[in-house]
There are 2 protein chains.
Amino acid sequence: MIRLIPTIDRRAREQMLAKIKARSVVFDRDLLSSVSSIIDDIRNSGDTALIDYTRRFDRVGLRPQILRVDPETLRSAAAKVDPCVLESMRDAIANVQRFHERQIETSWEFKPRPGVVLGQRITPIDSVGVYVPGGTAAYPSSVIMNVVPAQIAGVKRIVVATPPRTITENPAVAAAVVELKISEAYGIGGAQAIAALAFGTETVPRVDKITGPGNRYVAAAKKLVFGAVDIDSIAGPTEVVIVADETANAAFVAADMLAQAEHAEDASAILITTSESLAGAVADELAKQIDDQPRKEIIRKSLAQFGAIIIVDTLEQGCDIVNDLAPEHLQVIVADESAITSQVRHAGAIFFGSFTPEAVGDYWAGPNHVLPTAGAARFSSALGVYDFVKRTSTLRYSAEALRVAIPKIAALADAEGLRAHAESVKIRQ
Amino acid sequence: MIRLIPTIDRRAREQMLAKIKARSVVFDRDLLSSVSSIIDDIRNSGDTALIDYTRRFDRVGLRPQILRVDPETLRSAAAKVDPCVLESMRDAIANVQRFHERQIETSWEFKPRPGVVLGQRITPIDSVGVYVPGGTAAYPSSVIMNVVPAQIAGVKRIVVATPPRTITENPAVAAAVVELKISEAYGIGGAQAIAALAFGTETVPRVDKITGPGNRYVAAAKKLVFGAVDIDSIAGPTEVVIVADETANAAFVAADMLAQAEHAEDASAILITTSESLAGAVADELAKQIDDQPRKEIIRKSLAQFGAIIIVDTLEQGCDIVNDLAPEHLQVIVADESAITSQVRHAGAIFFGSFTPEAVGDYWAGPNHVLPTAGAARFSSALGVYDFVKRTSTLRYSAEALRVAIPKIAALADAEGLRAHAESVKIRQ
């Protein structure tokens with residue numbers, strides 16, 4: 001079911017890593033072109049186009065006034081949630097809030113020299129749209145992870161958009177929306193929802209930033225509207241890399257790999273270990289634990305295609321593979337963690353020790369579960385409060401402070417052939 | 001030459017603002033499609049395609065080994081810079097470094113409860129490519145503003161890409177590259193340079209993030225490679241809004257508007273004032289000062305199309321216009337600044353007082369001059385050290401800390417239909 005790659009088989013290892021990296025989101029021209037048309041239609045025809053696409057793609061009859069989910073529908077859907085789930089959700093929200101409060105940044109000013117005051121002002125984005133996919137991919141935890149950092153940042157208007165049936169068919173999602181005190185929700189999905197959020201329609205006022213996962217149409221639409229609004233990163237297939245030595249518990253490691261693999265057929269679960277005996281034991285545990293899994297068909301395909309147990313000579317070698325993959329999730333279960341912490345440069349989140357399975361981070365601990373995928377941890381970060389604020393530079397010069405700098409500023413402006421720039425300082429002599 | 005819009009003429013004001021906002025970068029499908037082809041060619045054929053496009057678009061003969069600018073060429077070009085410009089550049093670099101050092105973030109950890117340690121690790125991006133446009137748009141100040149925050153962030157590999165002739169024809173750009181101790185520079189430009197930086201060729205190793213301004217081909221290419229690598233925001237036409245009352249010096253205000261307008265025909269310079277007499281005086285000064293300007297044709301077109309003097313009843317009304325435009329640069333020259341500072345929510349950078357012309361920020365003071373344009377200040381920030389680091393979440397739970405949370409995590413996972421997630425915590429009971 002899962003491939004064991006011994007240390008010596010460098011070629012098999014490289015092929016496996018290349019295969020995992022090749023999963024990254026690719027936008028073919030046909031997709032971009034058809035999504036472009038949808039966006040143009042929404043920009044040109046607003047609600048009319050939005051209703052038309054919603055009828056066609058979501059197969060629901062719609063009148064314009066029900067593009068927006070009414071408060072009563074939201075409340076009654078939320079009321080159906082299991083009380084035990086609701087209680088857990090409230091605790092999770094509190095944990096997520098507590099972590100994200102640490103990310104609050106404050107404005108500052110300083111005086112580099114007499115007569116000069118420079119600063120950085122932090123202000124929240126005005127409005128944010130959170131996209132929640134429909135069907136089985138509608139996760140209440142995603143609602144929490146997208147909304148809480150925006151709220152902590154001070155965003156005044158937070159809007160949820162999700163395909164028409166999500167709210168009524170998924171009480172846990174409705175409950176998350178209600179618990180987070182979001183009152184503006186739209187029953188719209190796909191590329192048309194992204195276009196409506198980015199450019200606005202008669203019913204859907206535009207937002208300044210769009211976050212949240214989605215299928216390839218949603219991802220392509222986010223890419224295309226980027227610039228008109230901000231977006232979070234484009235979510236690709238999910239992955240975990242577990243670096244473990246002989247001290248790791250094979251049953252735990254296998255359980256974590258199964259959890260990752262159950263997400264989707266293109267999810268990737270990789271164990272990198274220095275221990276041949278752990279490798280064998282994990283393979284056995286995988287075979288044993290998979291039988292009870294309701295999603296075992298997905299798991300089987302995921303593990304067969306993108307799962308692997310890679311045996312390495314040293315943890316250092318393991319770290320090189322981790323940096324090459326820049327995984328979304330990294331679990332570290334080794335006796336001596338120092339080698340790992342000093343060498344690993346790229347990972348979305350790192351889970352240390354035997355009792356920090358990835359699921360703790362997905363639902364509970366507090367750090368955001370919206371993480372860079374497909375190698376994007378090389379250059380991007382977990383979603384956070386910093387994604388919902390902007391920084392404005394502030395500058396103030398006194399007459400005297402400017403005076404001494406005039407010849408130098410003018411020299412630089414003249415060197416760029418921008419005489420009016422030079423004149424604008426010289427006139428203040 | 002410039003339009004005066006009186007308070008009462010709401011319609012003229014709205015038309016003007018709409019016209020300014022409509023300048024924002026639009027990517028037509030033809031542009032995206034032809035740039036897509038260039039990117040595909042570079043991905044498929046590497047140096048061969050890169051050399052081919054460079055020959056065609058930049059009309060230079062090239063052998064592969066000179067895609068990279070050799071150190072001697074760089075040094076000898078830099079040596080030609082005016083000593084006075086070089087000295088000013090060194091001071092400017094020091095100022096920019098000093099401001100950006102304030103943006104350094106540090107990693108943190110905290111213990112929300114016994115047995116739980118959560119944290120955020122800050123690490124630099126490994127490698128960054130800075131694009132420098134060729135011809136008259138090759139500005140040494142842009143090299144400084146892109147490179148310094150990356151260096152302060154700790155980025156190890158910083159690469160400059162610029163069309164083949166830039167280095168030899170523009171000593172100030174060469175000098176900026178040398179002063180900043182950048183040794184890896186490529187004589188490549190346009191969409192093909194962006195593709196090479198994003199995906200790598202035999203000669204150009206790929207980078208993790210691409211920053212820097214460029215023409216519409218460069219902008220479209222950056223948009224298309226976004227996801228495979230990170231990019232800074234997509235630069236649109238530049239703009240300044242000056243909010244001034246009767247205390248402002250009309251000659252200074254006019255000089256600042258001319259400086260903005262000389263950038264390009266699509267640059268926008270707007271004065272918003274409560275003072276009719278200032279409005280008239282600025283219009284007179286513009287007419288007077290323009291005559292000496294070498295770039296007066298550009299200035300004339302820019303002011304005629306995208307320049308305006310808008311008279312408002314109150315500064316509050318002025319702030320509403322500022323928030324609507326979310327300008328790249330905002331100058332504030334009023335007796336009572338408190339109304340402005342409390343009401344303005346969106347601006348790339350704010351310049352306070354009579355002696356802080358925009359040119360101080362463009363070249364000298366320290367804050368970054370790479371700023372969000374075309375209304376992007378609603379959701380994005382000046383380029384900064386934060387753009388060149390990434391945040392990795394860290395999590396650690398003890399056995400006991402996990403144990404008490406198991407039922408709640410499992411309830412949430414089960415509510416999402418992810419049984420293997422639930423099992424991965426229960427197995428640790």
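Here is the naming used below: chain letters follow the sequence lines, and residue numbers restart at 1 for every chain.
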### Query
Charged N to carboxylate O under 4.0 angstrom, Arg428(B) versus Asp256(A)?
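Looking at Asp256(A) together with Arg428(B), the answer is yes, because their closest N to O distance falls below 4.0 Å.
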### Query
Any salt bridge between Glu87(B) and Lys408(A), counting N to O under 4.0 Å?
yes
4.5 Å side-chain heavy-atom contact, [X] and [Y]:
X: Gln103(B); Y: Gln120(A); answer: yes
X: Thr392(A); Y: Arg345(B); answer: no
X: Leu258(A); Y: Glu423(B); answer: no
X: Leu224(A); Y: Leu32(B); answer: yes
X: Leu402(A); Y: Pro357(B); answer: yes
X: His263(B); Y: His421(A); answer: yes
X: Leu395(A); Y: Phe352(B); answer: no
X: His346(B); Y: Thr123(A); answer: no

Pick from [options]: which one has the most heavy-atom pairs with chain B under 4.5 Å?
options: Pro112(A), Ala251(A), Ala415(A); value: Pro112(A)
options: Ala365(A), Ala376(A), Pro124(A), Ala382(A); value: Ala365(A)
options: Ala413(A), Ala255(A), Ala405(A); value: Ala413(A)
options: Gly417(A), Gly353(A), Ala399(A); value: Ala399(A)

When rounded to the nearest 0.5 angstrom, what is the spacing between [atom1] in [X] and [atom2] in [Y]?
X: Ser88(B); Y: Leu412(A); atom1: OG; atom2: CG; result: 4.5 Å
X: Ile210(B); Y: Phe379(A); atom1: CD1; atom2: CZ; result: 10.0 Å
X: Ser393(B); Y: His329(A); atom1: OG; atom2: NE2; result: 9.5 Å

#### Entry: Lys223(A) side chain vs Phe226(B) backbone, donor-acceptor pair below 3.5 Å
yes
### Query
Do you know which two heavy atoms are closest between Phe252(B) and Ile427(A), and how far apart they sit?
CE1-O, 3.5 Å
#### Entry: Criterion side-chain contact (heavy atoms from CB on, under 4.5 Å) on Ser380(A) and Lys390(B), from CA distance to verdict
CA-CA 5 Å; Ser380(A) 63; Lys390(B) 56 236 166 45; 5.8 Å; no
### Query
Can you name the residues that form a side chain to side chain donor-acceptor pair (under 3.5 Å) with Ser354(A), not counting sequence neighbours?
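Checked Ser354(A) against side chain to side chain donor-acceptor pair (under 3.5 Å); zero matches.
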### Query
Given the rule in the ring-ring contact (aromatic ring centres under 6.0 Å, His included) test, do Tyr386(B) and Tyr386(A) qualify, once you have shown the distances and angles that lead to the verdict?
CA-CA 9 Å; Tyr386(B) 36 77; Tyr386(A) 37 76; over 10 Å; no
